[in-house]
Amino acid sequence: MTETELAALCAAITPPDEAARAAAHAHWASLAKPLGGLGALETVLEDAAALTGSAKLEFSHRAVLVLCADNGVVAQGVSQTDSSVTRAVAENLAARRTSVCRMAQTARCEVVPVDMGIAGEPVAGVLDCRIAPGTADFTLGPAMSRAQAVEAVGRGIRLVQEQKKAGVGLLATGEMGIGNTTTSSAVAAVLLGQPVERMTGRGAGLSDAGLTRKVDAIHRGIVRNQPDPADPLDVMAKLGGFDIAGLCGIFLGGALERVPVLADGFISGVAALCAVRLCPAAEKAVFASHCSTEPAAKLVLDALNKKALITAGLHLGEGTGAVAAIPLWDMALAVYDDCYSFAEGGIDAYTPQGGAGC
């Protein structure tokens, strides 16, 4: 994909359909229950109606896209393990035995592991969308070229288009890549104009010394590359990973194809932020699942103006938080579709009342 083609796709993303949102809101109000009684479970379906353009919602076919990639900055000692773990987990994703695979089975969700740039040979059973066998070490120069960043975004968009053609109506995002909390913290620090220390956490359990190395590497990467905070493609190319750029494309693709996309935790939240900075209208496709325990996760959600459905101290990755939210969508839709109305129950409809409740 070229940058001109990407710009044209972004320009084709339309604002949310407010008539569909209003119709969904009116349907909720007709049901025999307190107005707004299901809180965010109601508004999430209203937002989904505004995205899809219809108050009739159908999410029975769903998938989690788990984007896997290696990051050259691992050479700076920013993670507890080396890049071989990315490949090992990708192999186990293909074998359907990782955490997200077990959770996805319960949520009736297909798992689609995707190779965006794993070091070494392609992994059997993992969809090959690789840009290169891992990014470069961003402390020494850009993580990738701008053209590679654009291509990774384009491949994320195409993943959504392929899933929609297969009948998928709800997508969850996941990732696997040793070092990707470092790349995410770097990208978020630049885009939000925040101190690196505030945006950087321990990832998969770094020691104090490891956290110091991680913060130092991000500082050095920013100084070396001088990313432009007004240009999300520049920031992703210089400091990001192929997984982040691909996830950015998934959120853009969701907005383009009108498919709701559940953000997982910090890493996919940063990718969503990149998507919205590239195309503000893409915000309509971003649905928060949970708030990760990574220090900057709440800051990213706030920047996106999104509220998490789940607060459970999750920080596993793989898309586990996004998949955990799917049963909540199912329960919301069960009431939305099948609860009796005030008219059917012979009950006077509730009307909005002023004043504070208890």
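The existence of a salt bridge linking Arg97 and Glu91 is excluded, since no basic side-chain nitrogen approaches an acidic carboxylate oxygen closer than 4.0 Å. Using a cut-off of 4.0 Å between Lys/Arg side-chain N and Asp/Glu carboxylate O, Asp47 and Lys284 are scored as not salt-bridged. Contact check on Asp302 versus Lys298 returns a salt bridge, with a Lys/Arg side-chain nitrogen under 4.0 Å from an Asp/Glu carboxylate oxygen. A salt bridge between Glu162 and Lys165 is absent, with no side-chain N of the basic residue lying under 4.0 Å from a carboxylate O of the acidic one. A salt bridge links Glu3 with Arg146: the distance from a Lys NZ or Arg NE/NH1/NH2 to an Asp or Glu carboxylate oxygen falls below 4.0 Å.
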Decide yes or no on side chain to side chain donor-acceptor pair (under 3.5 Å) for Thr98 and Asn92, but give the supporting numbers first. CA-CA 6 Å; Thr98 73; Asn92 281 286; over 6 Å; no
Steps toward side chain to side chain donor-acceptor pair (under 3.5 Å) verdict (Glu197, His219): CA-CA 9 Å; Glu197 291 78 6; His219 274 300; 2.8 Å; yes
Mind running side chain to side chain donor-acceptor pair (under 3.5 Å) on Ser79 and Lys214 for me, showing each step along the way? CA-CA 8 Å; Ser79 57; Lys214 186 175 181 178; over 6 Å; no
Give the C-alpha distance, both sets of side-chain angles, the deciding distance and a yes or no for side chain to side chain donor-acceptor pair (under 3.5 Å) between Gln80 and Arg202. CA-CA 9 Å; Gln80 193 175 140; Arg202 296 178 185 273; over 6 Å; no
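Within the 4.5 Å cutoff, side-chain heavy atoms of Leu252 are placed close to those of Leu278. By the 4.5 Å heavy-atom criterion applied to side chains, Leu45 and His27 are not counted as neighbours.
Counting non-hydrogen atoms of neighbouring residues, nucleotides and ligands closer than 6.0 angstrom, the NZ atom of Lys33 exceeds 12 such neighbours. At most 12 non-hydrogen atoms from other residues, nucleotides or ligands lie less than 6.0 angstrom from CZ of Arg198. Within a 6.0 Å radius of CD in Glu121, no more than 12 heavy atoms belonging to other residues, nucleotides or ligands are found. Within a 6.0 Å sphere centred on CG of Asp348, heavy atoms belonging to other residues, nucleotides or ligands number 12 at most.
Interatomic distance, CG of Leu67 versus CE of Met116, reported as 5.5 Å (0.5 Å rounding).
A donor atom on one side chain and an acceptor atom on the other are not found under 3.5 Å apart for Thr173 and Glu175. Judged purely by distance below 3.5 Å, without hydrogens or angles, the side chains of Thr43 and Lys307 never pair a donor atom with an acceptor atom.
Connection of Leu328 to Leu314 is not established within any shared hydrophobic cluster, with ILVMFWY side chains joined at heavy-atom distances below 4.5 Å, either directly or through further cluster members. Val44 and Val259 are not part of a single hydrophobic cluster, where members link through side-chain heavy atoms under 4.5 Å apart. Criterion: ILVMFWY side-chain heavy atoms under 4.5 Å apart, direct or through other members. Under it, Phe59 and Leu159 are not part of a common hydrophobic cluster. The cluster map of Ile, Leu, Val, Met, Phe, Trp and Tyr, joined by side-chain heavy atoms under 4.5 Å apart, puts Leu301 and Val286 in different clusters.
The shortest heavy-atom contact between Met144 and Thr135 is CE-CG2, 4.1 Å.
Between the side chain of Arg258 and the backbone N or O of Ala255 there is no donor-acceptor pair closer than 3.5 Å. The backbone N or O of Val73 lies less than 3.5 Å from no partner atom in the side chain of Gln76, so there is not a single donor-acceptor pair. The main-chain N or O of Leu140 is found under 3.5 Å from a side-chain atom of Arg224 such that the two form a donor-acceptor pair.
Qualifying ring pair (Phe, Tyr, Trp, His ring centres under 6.0 Å) partners for Tyr350, counting only residues two or more places apart in sequence or in other chains: Phe342. In this structure Trp28 satisfies the ring pair (Phe, Tyr, Trp, His ring centres under 6.0 Å) test together with Tyr336, sequence neighbours excluded. For Thr293, the side-chain hydrogen bond (donor to acceptor under 3.5 Å, both in side chains) test picks out His315, with sequence neighbours left out.
The stretch residues 239-253 participates, sequence neighbours left out, in these side-chain hydrogen bond (donor to acceptor under 3.5 Å, both in side chains) pairs: Asn180-Asp243. For residues 269-283, the pairs satisfying side-chain hydrogen bond (donor to acceptor under 3.5 Å, both in side chains) are Glu283-Lys306, with sequence neighbours left out.
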What pairs of donor and acceptor atoms, side-chain ones from residues 103-114 against any protein atom, are under 3.5 angstrom apart with sequence neighbours left out?
residue: Gln105; atom: OE1; partner: Arg102; partner atom: NH2; Å: 2.7
residue: Arg108; atom: NH2; partner: Asp330; partner atom: OD2; Å: 3.2

